[in-house]
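Okay, structure first, notes after.
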Amino acid sequence: MLQRKKQRISRKFTDKSDLFDGLPEDLVISILSKLASSASSPLDFINILVTCKRLNRLALHPLVLSKAGSKALAVKARNWCDSAHHFLKHCINAGNVEACYTLGMIQFYCLQNRGSGASLLAKAAIKSHAPALYSLGVIQFNGSGGSKNDKDLRAGVALCARAAFLGHVDALRELGHCLQDGYGVRQHIAEGRRLLIQANARELASFLNALVKRKPQQQHQRRLNYQHYSFKAGSGCPLLSDFGCNVPAPEVHPVNVFLKEWFESGRGALEQGLRLCSHKGCGRPETRAHEFRRCSVCGTVNYCSRGCQALDWKLRHKAECGPIERWLEEGGNGDDGGHGGVGEMGEVVEAEHFAI
């Protein structure tokens, strides 16, 4: 009798050995959605797809794809292919705003499909995606994809103002410089300086919040790594050091990393006379000759925005910039069409430092 009971129980467990198959699909989809939104790299999501047929099917559910975060969509420039392109399109069709922004930037700047790229950026901006709003603002400031006459400074300011309202630090800094300079908006120096202080404060608060969330051991390790970094490099993010703090530079958005890798690796070739934004955390290229503002002091750097200009000045260019006469003596070519749009670079950034 006892043996029969054991056989019956073992048969039941054998019939229901895979407990995963018994989980409701809505529960699995909810878990996968959270995993997709918090994934630290595309590999985390790919590992789900290759686990089993059921996970593969449920991971491609529209609800899961709509929740995929920027790091889950952070494809490398060297790995770009039709499959990656189609995956981003599937995410867009599922309503993923981050995918709209990612593919929009890639199409506009890398694949040179300006119309489709701008359309995707606008689609993300309509849904209050702050980086998309800021990127459209930069496009309006520069007239990117068109001629110099296509610049719309007021539209650029309006887009930056909306992105700044949503908490985008770069847009807040850009808006502050525009108000200080009277660029596309009536000049208001005091309000511009207030926004620059606010941008610095938000960066500092963001770093401190991330630090508090770390475990004590991770904090200790981070402190050791940071001390080593400060000793080797001499400085962290220069804007934050205006508050007496010296922390590593903010994390670069995966799209900006993609743009920089795309052109620096030779995957995408810039036309003759076109250059990348000199701020290492940007990656935006010129779409026509002399589109970006160039430093009129040395003539060796150019920037897509005042925000990038201010960041790069304090990060590295302040120590490198020299009079153009010295640059010419060292073998520089003075006929590359540089214009004096960044002639006030030192004044703009020193004004920000004074405000702090």
Side-chain angles (χ1 to χ4, degrees), residues 36-37 39 42 45 60-77 79-146 150-152 155-156 158-168 170-171 174 252-263 267-268 270 276-277 281-288 291 304-305 307-308:
S37 64
F45 191 76
L60 296 177
H61 190 278
L63 183 59
V64 177
L65 295 180
S66 68
K67 300 295 183 180
S70 60
K71 292 185 178 180
L73 304 174
V75 60
K76 297 291 185 182
N79 298 330
W80 180 255
C81 58
D82 290 339
S83 297
H85 196 167
H86 292 154
F87 176 73
L88 287 175
K89 284 185 174 180
H90 284 312
C91 292
I92 292 172
N93 294 334
N96 190 309
V97 181
E98 188 65 40
C100 278
Y101 173 64
T102 300
L103 187 57
M105 290 287 284
I106 292 173
Q107 288 194 342
F108 189 89
Y109 287 110
C110 300
L111 305 182
Q112 298 185 10
N113 190 346
R114 314 290 187 199
S116 178
S119 177
L120 288 172
L121 289 174
K123 185 177 179 180
I126 290 173
K127 296 182 180 180
S128 298
H129 189 268
L133 285 162
Y134 174 67
S135 294
L136 286 174
V138 173
I139 289 173
Q140 293 294 334
F141 280 133
N142 296 317
S144 300
D150 292 323
K151 292 182 179 181
D152 192 337
L159 288 163
C160 282
R162 177 59 179 164
F165 175 77
L166 295 171
H168 196 273
D170 290 338
E174 186 75 20
V252 180
H253 194 283
V255 170
N256 297 100
V257 176
F258 183 97
L259 295 180
K260 194 171 182 66
E261 289 180 352
W262 179 270
F263 292 104
R267 184 74 187 269
L270 285 171
L276 293 176
C277 176
C282 179
R284 289 180 177 85
E286 290 181 319
T287 60
R288 67 175 187 279
E291 176 183 339
C304 68
S305 64
C308 284

Query raised in the report: Just how far is it from atom CD1 of Ile126 to atom CG of Leu121, taken to the nearest 0.5 Å?
Result: 11.0 Å

Requested in this report: Could you check Arg162 against Ser128 for side-chain hydrogen bond (donor to acceptor under 3.5 Å, both in side chains), going step by step and ending with a plain yes or no?
Outcome: CA-CA 8 Å; Arg162 177 59 179 164; Ser128 298; 3.1 Å; yes

Query raised in the report: Taking the six-membered ring where the residue is Trp, are the ring centres of His253 and Tyr101 under 6.0 Å apart?
Result: yes

Report summary line: Which of Cys282, Pro285, Cys304 passes side-chain contact (heavy atoms from CB on, under 4.5 Å) with Leu276? It is Pro285

Query raised in the report: Looking at OG of Ser119 and CG of Asn113, how far apart are the two atoms once the value is rounded to the nearest 0.5 Å?
Result: 10.0 Å

**Report entry** Evaluation steps, side-chain contact (heavy atoms from CB on, under 4.5 Å), between Leu111 and Trp262
**Finding:** CA-CA 10 Å; Leu111 305 182; Trp262 179 270; 4.1 Å; yes

Query raised in the report: Which atom pair, heavy atoms only, marks the closest approach of Ala125 to Leu136?
Result: CB-CD1, 3.7 Å

Query raised in the report: Taking only residues at least two apart or on different chains, which pairs with a member in residues 94-111 satisfy salt bridge (Lys or Arg N to Asp or Glu O under 4.0 Å)?
Result: none

**Report entry** Steps toward side-chain contact (heavy atoms from CB on, under 4.5 Å) verdict (Trp80, Cys110)
**Finding:** CA-CA 11 Å; Trp80 180 255; Cys110 300; over 6 Å; no

Query - side-chain contact (heavy atoms from CB on, under 4.5 Å) assessment of Ser135 paired with Met105 - result: CA-CA 8 Å; Ser135 294; Met105 290 287 284; 3.6 Å; yes

Report summary line: When Asp152, Leu133, Val138 are each screened for side-chain contact (heavy atoms from CB on, under 4.5 Å) with Leu159, the one that passes is Leu133

Query raised in the report: Are any of the side-chain heavy atoms of Leu60 and His90 separated by less than 4.5 Å?
Result: no

Query raised in the report: Can you tell me if NZ on Lys71 sees more than 12 non-hydrogen neighbours from other groups inside 6.0 Å?
Result: no

Query raised in the report: For the residue pair Ala163 and Ala130, what are the closest heavy atoms and their distance?
Result: CB-O, 3.6 Å

Query raised in the report: Can any side-chain N or O of Asp170 pair as donor or acceptor with the backbone N or O of Gly307 at less than 3.5 Å?
Result: no

Query raised in the report: Looking only at heavy atoms, what is the nearest atom pair of Cys160 and Ala171, with distance?
Result: O-CB, 3.6 Å

Requested in this report: Take the angle between the ring planes of Phe87 and Phe45 and call it parallel below 30°, perpendicular above 60°, tilted in between.
Outcome: tilted

Query raised in the report: Given side chains that start at C-beta, do those of Leu65 and Asn96 come closer than 4.5 Å, heavy atoms only?
Result: no

Query raised in the report: Under the side-chain contact (heavy atoms from CB on, under 4.5 Å) criterion, do Ile139 and Tyr109 qualify, and how do the steps go?
Result: CA-CA 11 Å; Ile139 289 173; Tyr109 287 110; 3.6 Å; yes

Report task. Step through the shown structure and confirm whether more than 12 heavy atoms of other residues, nucleotides or ligands are within 6.0 Å of NE2 on His85. Result -> yes

Query raised in the report: Taking all non-hydrogen atoms of both residues, which atom of Tyr134 and which atom of Ser305 are closest, and how far apart?
Result: OH-OG, 3.3 Å

Query raised in the report: Where do Ala118 and Phe108 come nearest, in terms of heavy atoms and distance?
Result: N-CD1, 4.0 Å

Requested in this report: Examine distances only and state if a side-chain atom of Arg114 and a backbone atom of Gly146 form a donor-acceptor pair shorter than 3.5 Å.
Outcome: no

Requested in this report: Please round to the nearest 0.5 Å and tell me the distance separating atom CD1 of Ile92 and atom CG of Leu103.
Outcome: 4.5 Å

Report task. Using atom types as modelled and distance alone, determine if a side-chain donor or acceptor of Glu291 lies under 3.5 Å from a backbone N or O of Glu286. Result -> no

Query - Nearest non-hydrogen partners of Lys123 and Cys100, listed with the distance - result: CD-SG, 3.8 Å

Query raised in the report: Can you find a heavy atom in the side chain of Asn142 that is under 4.5 Å from one in the side chain of Arg284?
Result: no

